[in-house]
There are 2 protein chains.
Amino acid sequence: MVTATQSPRHPAGLAQKLADSGLRSTPQRELVYEVLLTKRDHPTADEVFARVKPELPGISLATVYNCLETLVQCDLVRAVNFERGPTRYCPNLRPHAHFHDELTGQTHDVDLPETLFAKLKSELPPGFDANAVEITFRGKAKSSAN
Amino acid sequence: MVTATQSPRHPAGLAQKLADSGLRSTPQRELVYEVLLTKRDHPTADEVFARVKPELPGISLATVYNCLETLVQCDLVRAVNFERGPTRYCPNLRPHAHFHDELTGQTHDVDLPETLFAKLKSELPPGFDANAVEITFRGKAKSSAN
DNA sequence: CACCTAATTTGGAATAATTCTAATTATCGC
DNA sequence: GCGATAATTAGAATTATTCCAAATTAGGTG
């Protein structure tokens, strides 16, 4: 029989990406990443902490902060900030925008054509060279996408 | 001779806009607004406090927060949040994007064609109705626009 | 102009989010 | 198995912001 790792649900990419940066794969990092992948509602560090704790009761909030920062450094997760308030975390790596629903407070990922991002960058005045664009919409979502 | 008001440099719009919301024009509000107009480098509340204090030594940080919040409510100023850290304030009311220079940490306003904002909104999936779009670029600015 | 009322400001305490620190624990290569 | 290094932990410290109750200021009214 194949020996299963403790958390086989996450993509194999994690251990590899960590190794690429000279970092180790640990139960805490795996679990934090898995939690992000499982419920993609852009949780805060506190929320991640709450979701992770039942599985790994000894984990500390500081470690959750550390793990999230590590994942961001490895380009496995994006940190998202709109409006004052705690940073939120998003494991969606494709270029996409965020739609912030003013009624529910929820944040939805919105895929936009790659060409639009390119067009935006091309609209910059001479001398400005952007390597990333962040787009946030605010409004009301009536869709079933909740 | 014409009797000058204490702070004649700010647009006459301030007192009017405040009145529209049933609020009073005060020296603190006028000065905070004037400071934002004078140096448009997207200062934090602390920075505004520092700039305002020499002119009005008795002012408190709480008042600066209050004034900034008031100006945002009156649509005279926009609160800007990218990356974790203190909220910054921007008196530019035209639709525009922000360019965050990774080298200097400075933030520049970038005017984009109105049509682009419209196009972005039109790219949203059905059911998503945006009333605002925020765009932030990150990268390096080599221009003289510093 | 004196008063009444409500808006505003103030200083300090309280809260929230995050980072720091020093000590402990786990892991990797030999 | 040992030693060096990485990672985690708990709690203290820091930063940004909000809250609160008291003092001040400003209009409007007679």
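Labels below follow one simple rule: chain letters A, B, ... track the order of the sequence lines, proteins then strands, and each chain is numbered from 1. Both backbone and side-chain heavy atoms feed into the values below; hydrogens, waters and symmetry mates do not.
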Do [X] and [Y] come close enough that some side-chain heavy atom pair is under 4.5 Å?
X	Y	result
A/Cys74	A/Leu23	yes
A/Lys53	A/Phe49	yes
B/Leu112	B/Pro95	no
B/Arg24	B/Leu18	no

Quick one: [X] [atom1] to [N] [atom2], roughly how many Å, whole number?
X	N	atom1	atom2	value
A/Glu83	D/dA16	CD	C1'	15 Å
A/Leu18	D/dT8	CG	C1'	15 Å
A/Phe49	D/dG11	CZ	C1'	13 Å
A/Tyr65	C/dT21	OH	C1'	17 Å
A/Leu71	D/dA7	CG	C1'	14 Å
A/Glu47	C/dA16	CD	P	14 Å
B/Asn81	C/dT18	CG	P	12 Å
B/Glu69	C/dA7	CD	C1'	16 Å

Any donor-acceptor N/O pair, B/Gln16 side chain to B/Gly13 backbone, under 3.5 Å | no
Output yes when a side-chain donor or acceptor of A/Arg29 lies under 3.5 Å from a complementary backbone atom of A/Thr26, and no otherwise.
-> no
What one should report as the nearest heavy-atom pair of A/Ser122 and A/Lys119 is OG-O, 2.6 Å
Nucleotides 8-12 of chain C: which of its N/O atoms have a protein N/O under 3.5 Å away?
{"residue": "C/dT8", "atom": "OP1", "partner": "B/Arg24", "partner atom": "N", "Å": "2.8"}
{"residue": "C/dT8", "atom": "OP1", "partner": "B/Arg29", "partner atom": "NH1", "Å": "2.8"}
{"residue": "C/dT9", "atom": "OP1", "partner": "B/Thr26", "partner atom": "OG1", "Å": "2.6"}
{"residue": "C/dT9", "atom": "OP1", "partner": "B/Gln28", "partner atom": "OE1", "Å": "3.4"}
{"residue": "C/dT9", "atom": "O3'", "partner": "B/Gln28", "partner atom": "NE2", "Å": "3.2"}
{"residue": "C/dT10", "atom": "OP1", "partner": "B/Gly58", "partner atom": "O", "Å": "3.2"}
{"residue": "C/dT10", "atom": "OP2", "partner": "B/Ser60", "partner atom": "N", "Å": "3.3"}
{"residue": "C/dT10", "atom": "OP2", "partner": "B/Thr63", "partner atom": "OG1", "Å": "2.5"}

Classify the nucleic acid contact of A/Thr87 as base, sugar-phosphate or nothing, counting any heavy atom under 4.0 Å across all strands shown.
-> sugar-phosphate
Mind telling me whether B/Phe128 and A/Phe99 have parallel, tilted or perpendicular rings, with 30° and 60° as the class edges?
-> perpendicular
Would you please classify the geometry between the A/His100 ring and the A/Phe82 ring as parallel, tilted or perpendicular, with 30° and 60° separating the classes?
-> tilted
Note down the inter-axis angle between the two ends of the helix from C/dC1-D/dG30 to C/dC30-D/dG1, five pairs each, to the nearest 10°.
-> 30°
